[in-house]
Amino acid sequence: MATQANSLASWRNLDLALGEDCLRIASYNVHRCVGRDRRCDVARVGQVIRELGCDIVGLQEVDSRSDGRHDSMQLDFLAAQTGMEAVAGHTIIRHEGSYGNALLTRRKVLAVRRHDLSYRRREPRGALEVDLDVAGETVRVIVTHLGLRPAERRYQVQQMLRLLHDIPPEQSVVVLGDINEWLPMGRPLRWLNNLLGHAPAERSFPSGLPLFALDRVWVRPRHTLLAFETHRSPCSRIASDHLPVKAIVAPAVPPASALVEHVPPQRQARSA
């Protein structure tokens with residue numbers, strides 16, 4: 001499963017070489033901040049997020065209730081601990097709190113949209129869509145967590161494909177999350193790969209001994225995805241049942257054909 005990711009550059013080398021115009025982004029299912037030791041520890045999850053070194057982190061399974069050790073809600077605490085702005089995309093609203101997707105970011109938030117992907121009587125699911133200012137360009141980031149049953153995932157990906165088809169083709173897009181697709185050639189993966197380009201796969205679940213590549217990052221344009229890897233550290237192996245995955249994305253560069261279209265006719269004639 002790691003062969004596709006191995007074709008990309010080394011995260012560490014690129015991270016040191018590239019500037020802030022490049023996007024460092026991660027996806028992390030925090031499992032309500034309950035670790036493999038069955039302890040709920042938001043501070044431990046915050047430590048993993050700081051280890052990632054990313055300026056944008058999509059989260060799944062964030063519970064807004066207190067973990068019993070901290071007075072603030074989980075998402076608020078993670079934002080304060082990491083120095084990032086929090087955008088909630090909760091899919092379950094309860095009297096004692098809410099639960100679902102979220103985004104932590106150091107980039108300027110331009111717009112936020114929340115989409116319901118719930119299927120029949122299954123657990124409510126959704127997608128959090130956020131427009132961010134990255135070095136003066138707008139990048140659309142979609143965070144999601146798909147269902148456990150195949151029919152459920154197929155329905156949810158079809159809804160996401162409709163959403164993605166409405167985004168202008170020149171718009172930079174990042175789709176990330178826990179896709180819950182256990183089969184490497186499952187239809188939801190194939191559909192997203194056909195539209196956005198092939199997502200690299202690295203094992204991220206379960207965190208103690210990763211066997212399945214459930215957590216993915218898609219980038220459009222695909223050639224702007226420079227690096228991708230699963231983050232493995234002693235803390236990440238115990239803080240949640242998933243390991244986080246992270247990617248480096250370059251600024252989108254217009255294709256050569258688009259550049260030619262903007263050259264004045266007289267300059268094109270001279271060059272001919």
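Quick caveat, the model's predicted, so the values are computed rather than measured.
A salt bridge does not link Glu85 to Arg106: none of the charged nitrogens lies less than 4.0 Å from a carboxylate oxygen. Between Asp55 and Arg107 there is a salt bridge, since a side-chain N of the basic residue sits under 4.0 Å from a carboxylate O of the acidic one.
Proximity of a side-chain donor or acceptor of Arg153 to a complementary backbone N or O of Asn180 within less than 3.5 Å is detected. Between the side chain of Glu152 and the backbone N or O of Leu148, at least one donor-acceptor pair lies under 3.5 Å.
Taking each heavy atom of Gly46 and Thr82 in turn, the nearest pair found is O-CG2, 4.0 Å.
Atom CZ of Arg187 sits in a sparse spot, with 12 or fewer heavy atoms from other residues, nucleotides or ligands closer than 6.0 Å.
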Review point. So Gln60 and Ser27, side chain to side chain donor-acceptor pair (under 3.5 Å) or not? Walk me through it.
Key: CA-CA 8 Å; Gln60 303 86 42; Ser27 181; 3.2 Å; yes

Check your understanding: side chain to side chain donor-acceptor pair (under 3.5 Å) between Asp63 and Gln74: does it pass, once the steps are laid out?
Key -> CA-CA 6 Å; Asp63 199 328; Gln74 285 188 359; 5.5 Å; no

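The side chain to side chain donor-acceptor pair (under 3.5 Å) pairs that include a residue from residues 127-142 are Arg113-Glu129, Arg113-Asp131, His115-Glu129, Glu129-Arg140, Asp131-Arg140, where partners are two or more places apart or lie in different chains. Sorted pairs that involve residues 165-176 and meet salt bridge (Lys or Arg N to Asp or Glu O under 4.0 Å), not counting sequence neighbours, are lacking altogether.
Defined by atom type and a distance below 3.5 Å, a donor-acceptor pair is missing between the side-chain atoms of His145 and Asn101.
Exactly one of Leu163, Leu176, Leu103, Val174 qualifies for a side chain to side chain contact (heavy atoms under 4.5 Å, CB included) with Ile142. That residue is Leu163.
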